[in-house]
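Please read these numbers as outputs of a predicted model, since none were measured by experiment. What's counted below: heavy atoms across the whole structure, side chains too, no hydrogens, waters or symmetry copies.
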Amino acid sequence: KYSDGHVIAAYNPKSISDLFQILYDVRLKPSRDGILQYQDAYSVALQYLASLPELKQSLTARFKYVFLDEAQDSNQMQLVLLEKMFDDSKVVVQRFGDPYQSLYDSEKPCAWKPKRALPLNNSKRFGDSIARVLRTVCVEDNTSLRGNPDIHSVKPIMIVYDEAASVLPKFVEILKDRKVDAESVWNIAKRERDNDPLRRYNIKAIGHVGNKEEEIVSFTTIRQYYPDFESSKVSKYPFQPGMTLNSFLQKDTIEERPVAYRNRILDAIVAALERVEVVKEDSRRFTRSSFLDYLKEKHPAELSTLLNNLSGWVMEMSSSELRINPIVFDQVKGYIEGEMASLFGFTAVDSRLKDFLKKEDYDFYTLTSKEQSKNIYKKDDVEIEVATVHSVKGETHAATLYLETMYYAYESEHFGKQLCGEVYSKRTHDSRIQACLKVAYVGMSRPKYLLCFAIKKERFDKIDCVALRDVWDVVAV
């Protein structure tokens, strides 16, 4: 049926229409072959739970505690499924989350409605000056939020600009000028990054809208502040023809995240298994997740070995500026020819792996300066990663610059009063304002020491007032 109730095709056992049969076959045949749409998987799971009560009994007997993290990002089907899986009179199901940070389907209300909630109103990440912004830049009344008294965050700064290109240089000046306990924010950030084994960037400039497919000059996106900005690339498909171990282990840029290296190495392993026709019991090829599940169930000792190896390989790739790290290449190649060959019964010299495992020496070189600077703004000795808000969810930064961009309207147009310290009053038709507030709340809650917000002068003038300057320092550029 259509959503308005009109029938597309109806089932009548005496007379099955051609259209009904076509639709029936289109929906049912793939499922008979084991192919499901994402939403279908929930329906099948719920059907199993309804028809086989022993499933719920078994799950209940197995677990005493069930913890769901990031509950605000769960959809309604996931929450219903979780409730059906366990007998809550015998199992403690604890959900952790922050409804203010539900970014997925951000224009819709958060599906998770906390029951008997224990509020955690004291931040461990930032001091009270940043907490003060977040008490009102929030989709709900958040005035109970308190900062960490042990973290002396700088008073947030509103950078008011005429030209977007001038914002990042000014941010660098502020980083070096503003101090926490007599030490510049930049020095603190540098020291903390030097102490991080993965040397992750901890000063970031972020925005809601990275770029548009058709750039419109009058609409501000991250690219107006940083013209070299590029959105994240889609991961390489592991079974693509012509892919080799070299392909998987190549670093596109030095600022890639460690999880990308881990996933690529696992993709390389399952791609190698596919080359020698190693498949699961259902005759399907392995994926990253099914491969790890298989090891967990059948070969737990080998899973432990692999996870230890992965940690070392990821650390090596993270600290290296080589396009392909030869140490990692040789060790992953050796792992495929050794442990994997032994476990799955193929030979290390299998001709089907010859081209896949071939070392192409010309790819072992240092990344160029252009590649190193992709999405990294550099001025003097300061490096700032430029990213979207969605890509930094869950991170902690030393300093964060929130770049005002256009999502139907600009942030200051969506919630200018909240930037001035006024609690937001929810209205029925404010879905885009609420979505924008959720994104801003996530982005502005990343930093420990310094939060800046970049806004064009013509928009700043419309919201400037005493209340705003009580919350923010204002710096013109």
Side-chain angles (χ1 to χ4, degrees), residues 3 37-50 53 55-56 59-60 62-126 131 133-147 208 389-390 392-395 407-408 411 414-415 417-418 422-446:
S3 58
Q37 292 184 2
Y38 183 73
Q39 290 297 327
D40 291 341
Y42 294 113
S43 300
V44 171
L46 290 169
Q47 288 173 19
Y48 271 112
L49 287 167
L55 274 179
K56 183 173 184 175
L59 290 167
T60 297
R62 183 178 178 187
F63 299 101
K64 186 175 181 180
Y65 300 100
V66 175
F67 299 121
L68 173 64
D69 197 15
E70 302 289 353
Q72 76 277 357
D73 292 329
S74 302
N75 63 38
Q76 188 62 41
M77 287 289 283
Q78 291 167 335
L79 295 171
V80 169
L81 182 59
L82 183 65
E83 290 178 0
K84 300 281 187 183
M85 288 171 63
F86 303 99
D87 182 344
D88 59 10
S89 68
K90 299 177 181 178
V91 178
V92 176
V93 181
Q94 179 66 64
R95 300 164 181 83
F96 300 89
D98 184 350
Y100 306 154
Q101 298 193 44
S102 57
L103 292 192
Y104 305 106
D105 286 334
S106 59
E107 290 192 19
K108 298 178 181 179
C110 180
W112 174 51
K113 308 297 181 189
K115 301 173 183 176
R116 302 185 301 278
L118 175 64
L120 304 174
N121 295 323
N122 297 323
S123 171
K124 301 297 183 184
R125 176 179 291 151
F126 44 74
V133 172
L134 297 169
R135 287 171 197 151
T136 56
V137 178
C138 185
V139 75
E140 303 277 358
D141 184 342
N142 197 29
T143 50
S144 59
L145 178 66
R146 294 293 178 268
H208 189 166
V389 175
H390 288 74
V392 301
K393 192 172 187 289
E395 295 181 356
Y407 177 72
Y408 297 96
E411 280 87 351
H414 278 309
F415 55 84
K417 292 181 179 179
Q418 283 62 61
E422 182 177 318
V423 173
Y424 171 69
S425 297
K426 189 176 290 187
R427 293 177 293 274
T428 306
H429 301 295
D430 279 358
S431 61
R432 287 175 181 166
I433 294 176
Q434 292 164 23
C436 206
L437 275 168
K438 289 178 183 179
V439 173
Y441 186 88
V442 169
M444 294 185 185
S445 60
R446 297 308 94 203

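Using a 4.5 Å heavy-atom cutoff, the side chains of Phe126 and Leu134 are in contact. Met85 has its side chain out of reach of Lys56: every pair of non-hydrogen atoms, C-beta onward, lies at least 4.5 Å apart. Taking the side chain as every heavy atom from C-beta outward, Ser123 and Arg146 never approach each other to under 4.5 Å. Looking at Lys438 and Val442, their side chains never come closer than 4.5 Å, going by heavy atoms from C-beta outward. For the pair Glu411/Cys436, a side-chain contact is recorded, criterion being any heavy-atom separation below 4.5 Å from C-beta on. At a threshold of 4.5 Å between non-hydrogen side-chain atoms, the residues Lys393 and Asp73 count as touching. Leu145 is not listed as a side-chain neighbour of Asn121, based on a closest heavy-atom distance of 4.5 Å or more. Proximity of Tyr441 to Val139: side-chain heavy atoms (C-beta onward) are nowhere separated by under 4.5 Å.
With sequence neighbours excluded, the residues satisfying side chain to side chain contact (heavy atoms under 4.5 Å, CB included) with Asp69 are Phe96. Taking Val80 as the reference, Leu46, Gln76, Lys84 meet the side chain to side chain contact (heavy atoms under 4.5 Å, CB included) condition, with sequence neighbours excluded. With sequence neighbours excluded, the residues forming a side chain to side chain contact (heavy atoms under 4.5 Å, CB included) with Leu79 are Leu68, Ser74, Ala111, Trp112, listed by chain and number. Residues that satisfy the ring pair (Phe, Tyr, Trp, His ring centres under 6.0 Å) test with Tyr424, not counting sequence neighbours, are absent from this structure. With sequence neighbours excluded, the residues that form a side chain to side chain contact (heavy atoms under 4.5 Å, CB included) with Asp141 are Thr143, Val423. Every residue was checked against the side chain to side chain donor-acceptor pair (under 3.5 Å) condition with Ser425, not counting sequence neighbours, and none meets it.
Minimum heavy-atom separation, Gly147 to Ala131: N-CB, 3.6 Å. Contact record, Arg95 with Ala71: CB-CB, 4.1 Å, taken as the closest heavy-atom pair.
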Given Leu437 and His414, is the side chain to side chain contact (heavy atoms under 4.5 Å, CB included) satisfied, shown in steps? CA-CA 8 Å; Leu437 275 168; His414 278 309; over 6 Å; no
Test Leu82 against Val66 for side chain to side chain contact (heavy atoms under 4.5 Å, CB included), laying out the working first. CA-CA 10 Å; Leu82 183 65; Val66 175; 4.2 Å; yes
Steps toward side chain to side chain contact (heavy atoms under 4.5 Å, CB included) verdict (Glu70, Asp98): CA-CA 7 Å; Glu70 302 289 353; Asp98 184 350; over 6 Å; no
Please assess Leu49 against Leu81 for the test side chain to side chain contact (heavy atoms under 4.5 Å, CB included), listing each intermediate value before the final yes or no. CA-CA 9 Å; Leu49 287 167; Leu81 182 59; 3.6 Å; yes
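Side-chain N or O atoms of Asn75 include one that pairs as donor or acceptor with a backbone N or O of Gln78 at under 3.5 Å.
Rounded to the nearest 0.5 angstrom, Glu395 CD and Arg125 CZ are separated by 9.5 Å. Note that the CG atom of Asp40 and the CD atom of Gln47 stand 9.5 Å from one another [nearest 0.5 Å]. The line from OH of Tyr408 to CZ of Arg432 is 4.0 Å long, rounded to the nearest 0.5 Å.
Within 6.0 Å of NZ on Lys64 lie no more than 12 heavy atoms contributed by other residues, nucleotides or ligands.
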